[in-house]
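Chain letters run A, B, ... following the sequence lines, proteins first and then strands; every chain starts at 1. Scope of the values below: all heavy atoms of this structure, side chains included, with no hydrogens, waters or symmetry mates.
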Amino acid sequence: MTGPNTDRSRRDVLKAAVAVGGSVGLSACLDAVGYQGADRPPVPSGPADLSTLPTRQFAWGEFIRRDEFGNEQLPRHQTLLYLNLHGEGAPTADQRATVERALTRLDEAYAWSHEGLLRSIAYTPEYFQRYGAMPEGVDIYPAKRLSSFETPDFDRQDALLHLASDRPDALLEAELALTGERATANGVEFDAALTDVFTVDDRRTGFVGAGLPAEKQAGLEGVPEDGPVPEASPLFMGFKAGFAKNQAPEDRVTIQEGPFAGGTTKHVANLRQRLSDWYGEQDFADQVMEMFSPMHAENNWVEGVGANLGDGSRVDATLDTIREQAREHGRVGHAQKAARANRDADGGVKLNRRHFESADDGIASLHFPSLQREMSEFDAVREAMNGQDLTEVTPAVRQRVNNGILEYIFVRHRGNFLVPPREIRSLPTPQGEVPE
Amino acid sequence: MRRRDFLLGTGAAGATALAGCGGLVETRSLSSPPVLSNRPDAVYFPTHVEGMQMTGMGGSGDYKFALMYSYPHRFWNVNGDEVQKTSIEDEDDVHLMATVWDPETGVVLPETGLSLEISKGGDLVSQEVIYPMLSQPMGFHYGGNFPLDGDGAYDVTVSVGGVNTRRTGAFREKFGDPAETTIGFDYSESKRNEIMFEETPDRAGKRSARDPMEMGMMPQSTLPPAEEFPGGVRGTAETGDANLVVTTLDAPPEGVDAPDGAQYLAVSARTPYNRMVLPAMAMEGTLTSGGETVFDGALTRTLDPDLNYHYGAAVESVPAGADLELRVTTPPQVARHEGYETAFIDMQPTSQTL
C-alpha cells in the first residue's frame with residue numbers, strides 16, 4: 001500500500017480486527033500491520049517458571065505502562081468472553097483439568113504484560129449455585145438493578161474470561177487458541193481449549209487510550225457525525241479517567257481472608273453511550289460540571305482532556321459542598337457524586353475501575369469492570385452516583401438530567417463475578433478447592 | 001437534505017398547495033413563523049397551532065404509556081431560572097411525545113426520567129432521555145425532536161424510571177420501579193405532512209391559550225378547578241401567571257412524616273386557562289397567625305391519588321385568618337412549547353390571608 005491514505009487504512013483495519021475477531025479478524029490484523037511471516041515482531045513469551053506469575057489474576061498494575069504522572073495506561077485492546085459450562089450441576093474433575101490445561105498453555109505462550117497478554121478468569125454467583133452454595137468468605141451475590149431507572153440484562157453465565165493486550169494480534173491469536181480454532185498461539189501448542197468445556201455465550205470487545213476513540217468515532221452510532229471526540233482523549237466522552245489517586249490500590253481490593261484470599265470481586269457493566277446532547281447541547285464548562293463538578297468548572301481546574309490534573313481529579317475538594325453546588329448551578333458532577341461513597345474512613349479509595357470503550361455492533365458503549373474487596377462497595381458507589389438525594393435539593397437536578405452523566409448512558413448489561421487467586425482459578429468449589 | 005428539498009417544493013408549489021386547504025391551513029413549511037418580538041411575560045397564544053398523531057399505547061407494571069408525534073418543534077429548555085431555546089435541526093424529522101399515567105386514577109406522572117429507544121428492522125436509530133415539557137394542546141408530557149431513517153416501520157421503546165418524588169396514599173406502593181413498553185410507529189413523511197398546521201397571526205401574542213386537544217383514551221394533565229379541589233380550599237395565589245390553589249386537609253395523607261394532630265397544607269400549581277399541572281418547582285411557605293410563625297419551610301413535591309401532583313407540608317394547624325407567604329425558589333423545571341416559555345419563570349413571592 002502506498003499513498004497518503006496508507007496509514008489511515010492500516011489503522012482502520014486494525015481497529016476493526018479485534019471487533020470482527022476469528023481467523024478473519026486475525027488475518028486482516030496481521031496483513032494490516034505487515035506482520036505475516038517472519039517479519040512479525042515477536043510477542044514476549046511466558047516465563048520458564050510459571051510459579052513466578054502473580055497469585056492475583058488482577059495484578060495488572062505493575063505490568064502495564066504508566067503515563068508521566070503515574071496513571072495506569074490499560075492495555076489498548078481488550079476482549080471479554082462470557083462462558084457457559086457444559087452440563088448441569090457441579091463441574092467434573094475432567095472439566096476442571098481441561099480449563100487448567102488451556103490456561104496453563106496461555107501462561108506459557110504470553111508474557112504477563114501489556115506487550116504480551118494480561119488475563120483473568122472469573123465466576124458468577126450463579127456458577128457457584130451449581131454447588132448450591134455461595135463462595136465462602138466473600139461478599140458477593142447475583143447482579144441486580146442498581147438504579148431506579150435502568151432495566152439491564154443480567155450476565156448470569158458461568159464465567160468471564162478477560163483478555164487484554166496492546167497487541168491486537170496477540171489478543172486475537174490467544175482467543176483463537178482458547179476457542180479451539182487454532183492449534184497454537186505464540187508458538188505454544190494448545191492441547192486443550194476452553195470451548196472443550198464451555199460455550200461462548202457472548203463476546204464483547206473494546207479499546208482504550210488516547211487516539212483510539214477519536215479514530216473509532218466515524219460512523220459510530222451514539223457519537224455525533226461531526227466527530228467531536230478529541231484526539232487526546234482515551235475515552236469517548238472527551239476526558240481522562242482513573243487518575244492514580246482516585247483508584248484503589250490492588251491491595252485495597254484484594255480479599256484478605258478465607259479460601260479466596262488473594263482474589264477480588266469484579267463487577268462488569270456495559271453502558272450504551274448517546275453523546276449527541278453531550279457534545280451538542282453542552283459547552284466545555286457544562287461538560288466539566290457534569291463530568292467532575294460545578295466547582296471544577298468555576299475554578300477552571302480542567303484543561304482539554306484533563307491531563308493537567310496530573311495524578312488526581314481534585315474531586316475530594318468538592319464533596320462537602322455538593323448540595324450547595326447543586327442549588328447554585330442546578331447541576332451536579334458525576335465524579336463528585338460517586339466519590340461520596342468511594343472512600344473509606346481514612347480517605348482511601350475503595351474501587352479500582354478499569355473501564356474501556358467499545359464499538360461492538362457499530363454502537364458506542366462502555367465496558368465498565370470494577371474491582372473491589374466486597375461487591376456491596378460497588379453497589380454503594382453506584383447508588384451515590386444515582387444522586388437521588390440531590391434531586392430533592394433542587395428540581396433542576398432531575399432523575400437523569402443535570403445529574404452527572406446519567407442522561408448520556410444507558411445500562412445494557414450487568415454482571416457480578418469472583419476472581420479467584422490463580423492457584424484455584426479453574427472451576428473452584430465454593431470452599432475454594434479445585435479437587436482433582 | 002430532505003428538509004431543503006421539501007422547502008424548495010413548497011416554495012414552488014406553495015400557492016397551489018395552499019389553494020385547496022382553505023383559510024390559513026397549509027400543508028407545512030418546516031420553518032415556523034418567527035418567534036414574536038413582543039411576547040408578554042405570561043402565557044400567550046402561539047404563532048401557529050399544530051395537530052399531532054397518536055402512534056399507539058402500551059402498558060407495563062404500574063404504568064400506562066402513549067406515544068404521539070408531530071412536526072419537529074422549537075422548544076425552550078429551563079435550567080434553574082435560565083431559559084434556552086432548542087432550535088429544529090436540519091436532520092430532525094419528528095417531535096416525539098410520550099405521556100405516562102396511572103391507569104387507575106388517570107393521574108399523569110410528571111416527574112420521572114423517561115427515555116425513548118427507536119429502532120428500525122432491529123437496528124438502533126436513536127436513544128435519548130427526553131425532557132419533561134409543557135404545551136398548550138397537551139399540557140405536561142415528555143418530548144424531543146428526532147431524526148429518523150426514512151419512511152418505514154419503527155419500534156419505539158418507552159422506558160420510565162421509578163418516581164423519586166414523595167408518594168402518598170395508595171401511590172406509596174406504586175411507581176417505585178422502572179418499566180418499559182414497545183410501541184410500533186409506522187412513519188411516512190407524507191403522512192406526517194398531512195398533520196394539521198395552522199398559522200394564527202390574528203391571535204398570536206395575546207394573553208390566552210389554545211384549547212387542549214381531545215386525547216381520546218389518554219388522560220390530560222389537567223387539574224380540577226379550585227372549587228372542586230379536595231380539602232378546604234383556602235384561596236388561590238397568582239405568580240408568574242401560574243395559579244397556586246391552596247387547600248388544607250385535617251390530616252396529612254398517609255406517607256407524610258408528621259406528628260399526631262398535624263394538618264396538611266397543599267398547593268396545587270396549574271397553568272391559567274387550562275389548569276394543566278406545573279411540576280418540578282422548589283417552593284417554600286411561611287404561615288403566620290396572630291404574630292406567631294406556625295410554619296416556615298419547604299413544601300415537598302408530592303404525588304397523591306386525590307390531590308394529584310402538588311406541593312405539600314404537614315403543619316400544626318392552619319387557623320382561619322392566617323397569613324401565608326409562598327415563595328417559588330426554583331421555577332418549574334420543564335421545557336416549554338411556544339406560548340409557555342415566558343411564563344412561570346419570574347415568580348415573585350405571594351401573600352394571602354387564608
Going by an N to O cut-off under 4.0 Å, is there a salt bridge joining B:E117 and A:R412? yes
Search all heavy atoms of A:E281 against all heavy atoms of B:N77 and return the closest pair with its distance. OE2-ND2, 4.3 Å
For A:D277 and B:Y131, work out which heavy atoms get closest and say how close. OD2-OH, 4.2 Å
Tell me, side chain or backbone of [X] under 4.5 Å from chain A's heavy atoms, or both, or neither?
X: B:T329; value: neither
X: B:R166; value: neither
X: B:T165; value: neither

Might you confirm whether atom [atom1] of [X] has over 12 heavy atoms from other residues, nucleotides or ligands at distances under 6.0 Å?
X: A:Q282; atom1: CD; answer: yes
X: A:E225; atom1: CD; answer: no
X: B:D257; atom1: CG; answer: no
X: A:E324; atom1: CD; answer: yes

Which atoms of [X] are under 4.5 Å from chain B, going by heavy atoms: the side chain, the backbone, both sets, or neither?
X: A:R272; value: side chain
X: A:E150; value: backbone
X: A:E221; value: side chain

Keeping A:R274 on the side-chain end and B:Q127 on the backbone end, is there a donor-acceptor pair under 3.5 Å? yes
Which residues from residues 289-301 of chain A are near chain B, with near meaning under 4.5 Å between non-hydrogen atoms? none
Pull out the residues in residues 385-397 of chain A that come under 4.5 Å of chain B, heavy atom to heavy atom, sorted by number. A:Q388, A:T391, A:E392, A:T394, A:P395, A:A396
Among B:A282, B:G80, B:S126, which has the most heavy-atom pairs under 4.5 Å with chain A? B:S126
For chain A, which candidate among B:M281, B:R301, B:E180 shows the most heavy-atom pairs at distances under 4.5 Å? B:R301
Test item: A:Y408 and B:E128 side chains (from C-beta on) under 4.5 Å apart, heavy atoms: no
Can you find a heavy atom in the side chain of A:F149 that is under 4.5 Å from one in the side chain of B:L114? no
Residue list, salt bridge (charged side-chain N to carboxylate O under 4.0 Å, His left out) with A:D286, at least two apart or on another chain: A:R331
With a strict 4.5 Å heavy-atom criterion, list every residue of residues 155-164 of chain B that contacts chain A, or say none. B:G161, B:G162, B:N164
Between OG on residue A:S148 and CZ on residue B:F175, distance to nearest 0.5 Å: 14.5 Å
In Å and rounded to the nearest 0.5 Å, what is the CG to CG distance from A:D361 to B:D123? 9.5 Å
Leading residue by heavy atom contact count with chain B [cutoff under 4.5 Å; candidates A:H329, A:R400, A:R327]: A:R400
